Amino acid sequence: MTVYSEKSKIGDAIAKLKSEGLSVGMVPTMGALHEGHLQLVKKAIAENDKAVVSIFVNPTQFDNKEDLEKYPRTLESDVALLKTVSETDILVYAPAVRDIYGDNPVSENFDFDGLEFEMEGRFRSGHFDGVGTIVKRLFQIVKPNKGYFGEKDFQQLQIIRKLVEKHDLPVQIVGCKIHREANGLAMSSRNTRLTPEHKNASPFIYKTLKTAKAKFGTKSATKITEWVENQFKAHDLLELEYFIIADVETLKPIKRKSRKKKYRAFIATYAGDIRLIDNIALN
């Protein structure tokens, strides 16, 4: 398995593949890989001739400098994990910040038609400009046929779809279902930082989402939101940041249900100082 650290060299390698008529799927990651990432990689390999996995902790999408510094960087073990999927069908692109940004790691400014101002956008200033910047640059370097993203970051997925649409990028975006731990917790690189106590408490998040889904058939969004907020007020270890039921297209909070629209419930919580997000389709 070749690990490329320079955009010129990964670009040359992919140009050679494309000249041979081979298709390329891409899985952009920030490393600290887990089984959820591997599911994306397996899907990319199943649907393309080769998969490119980028491993890059992108500084421009962190609004919290301490979070950026603490983010795990585990390239050696990430590559070893990818080898368990395939040693021949995966190319790894693990650049330094300079290779992507030169001497000026700053975000471009994007207009995602308001998607960027909902949910995460209200709590993480500039985050989606950072996401848009890195994904656009990775797509321009790798030029994949398809890009694979998990639905755990559903808002990010919708924003990347909007990025591709508005900037006319020739890549098909594939959303992949949330991969969960045995206890229901959505897989995330942050889960390794949970204390045993918080790890034991964390299944409560998905359990609450499933109950909210069951209530959605008969209860209003307001009643369900109040119920969720009360559940977390009574919880000793998990603190609710937000719970929102939103239209999947606009990500705006629901005002009145319509049978013609699809909705999801979105949640962000703190387990100690670890922030966990999750979501579930409601209809």
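Nothing here was measured: the structure is a model prediction, and the numbers come from that model.
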Would you sort out whether Lys261 and Glu249 count as a salt bridge (charged side-chain N to carboxylate O under 4.0 Å, His left out), showing the intermediate values?
-> CA-CA 8 Å; Lys261 294 183 177 180; Glu249 294 298 325; over 6 Å; no
Please determine if [X] and [Y] form a salt bridge, counting it only when a charged side-chain N lies under 4.0 Å from a carboxylate O.
X: Asp67; Y: Arg193; answer: yes
X: Glu120; Y: Arg124; answer: yes
X: Glu239; Y: Lys233; answer: no
X: Arg180; Y: Asp278; answer: yes
X: Lys16; Y: Glu20; answer: yes
X: Glu241; Y: Arg275; answer: yes
X: Arg137; Y: Asp99; answer: no

Considering only heavy atoms from C-beta outward, does the side chain of [X] approach that of [Y] to under 4.5 Å?
X: Lys257; Y: Leu282; answer: no
X: Thr74; Y: Leu33; answer: no
X: Ile141; Y: Tyr93; answer: yes
X: Ile134; Y: Pro28; answer: no
X: Asp49; Y: Leu17; answer: no
X: Glu6; Y: Pro95; answer: no
X: Arg122; Y: Ile244; answer: yes
X: Asn200; Y: Leu237; answer: no

Let me see the working for Arg264 and Asp247 under salt bridge (charged side-chain N to carboxylate O under 4.0 Å, His left out), right down to the final yes or no.
-> CA-CA 7 Å; Arg264 287 182 95 93; Asp247 179 324; over 6 Å; no
I'd like to know if the side chain of [X] pairs up with that of [Y] as donor and acceptor (distance under 3.5 Å, no hydrogens or angles considered).
X: Asn58; Y: Tyr71; result: no
X: Asn191; Y: Glu181; result: yes
X: Asp63; Y: Ser125; result: no
X: Thr133; Y: Tyr101; result: no

Only counting residues at least two apart or in another chain, list the ones meeting side chain to side chain contact (heavy atoms under 4.5 Å, CB included) with Thr84.
-> Leu38, Leu81
Does Phe117 have its ring centroid less than 6.0 Å away from the ring centroid of Phe128?
->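 When the ring centroids of Phe117 and Phe128 are compared, they turn out to be at least 6.0 Å apart.
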Centroid-centroid distance, Phe110 to His167, less than 6.0 Å | yes
Hey, is the main chain of [Y] close enough, under 3.5 Å, to the side chain of [X] for a donor-acceptor pair?
X: Gln172; Y: Gly147; answer: no
X: His127; Y: Gly121; answer: no
X: Glu116; Y: Phe112; answer: yes

Applying the 4.5 Å side-chain criterion to the ILVMFWY set and letting contacts propagate, would Ile100 and Val53 be lumped into a single cluster?
->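 No; tracing contacts between hydrophobic side chains, which count when under 4.5 Å, never links both residues.
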When the ring planes of Phe149 and Phe139 are compared, do they come out parallel, tilted or perpendicular, using 30° and 60° as the limits?
-> perpendicular
Which word best sums up how the rings of Phe232 and Phe204 line up, parallel for under 30°, tilted for 30 to 60°, or perpendicular for over 60°?
-> perpendicular
Which atoms form the tightest heavy-atom contact between Pro203 and Lys199, and what is the distance?
-> CD-O, 3.5 Å
So which heavy atom on Ile90 is nearest to which on Met1, and how close?
-> O-CG, 3.7 Å
Using the salt bridge (charged side-chain N to carboxylate O under 4.0 Å, His left out) rule, take Glu66 and Lys70 through it: C-alpha gap first, then chi angles, then the decisive distance, then the call.
-> CA-CA 6 Å; Glu66 188 180 343; Lys70 283 184 176 179; 3.1 Å; yes
Taking it one step at a time, do Ile45 and Ser86 satisfy side-chain contact (heavy atoms from CB on, under 4.5 Å)?
-> CA-CA 9 Å; Ile45 291 173; Ser86 173; 4.1 Å; yes
Answer yes or no: does atom CD of Glu35 have more than 12 heavy-atom neighbours from other residues, nucleotides or ligands under 6.0 Å?
->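 Enclosed: over 12 neighbouring heavy atoms sit under 6.0 Å from CD of Glu35.
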Should the heavy atoms of other residues, nucleotides or ligands under 6.0 Å from NZ of Lys42 be counted, would the total exceed 12?
->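 For Lys42, atom NZ is crowded (more than 12 foreign heavy atoms under 6.0 Å).
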Enumerate, atom names and distances included, each donor-acceptor pair closer than 3.5 Å involving a side-chain atom of residues 216-226, sequence neighbours excluded.
| from | atom 1 | to | atom 2 | distance (Å) |
| --- | --- | --- | --- | --- |
| Ser220 | OG | Lys223 | N | 3.1 |
| Thr225 | OG1 | Ala221 | O | 2.8 |

Just do the side-chain contact (heavy atoms from CB on, under 4.5 Å) check on Asn48 and Val24 with the steps written out, would you?
-> CA-CA 6 Å; Asn48 303 273; Val24 175; 5.8 Å; no
side-chain contact (heavy atoms from CB on, under 4.5 Å) evaluation trace for Lys252 with Glu118 | CA-CA 7 Å; Lys252 291 191 177 299; Glu118 304 300 331; 3.1 Å; yes
List for me each residue that meets ring pair (Phe, Tyr, Trp, His ring centres under 6.0 Å) alongside Phe243, sequence neighbours excluded, and say none if there are none.
-> none
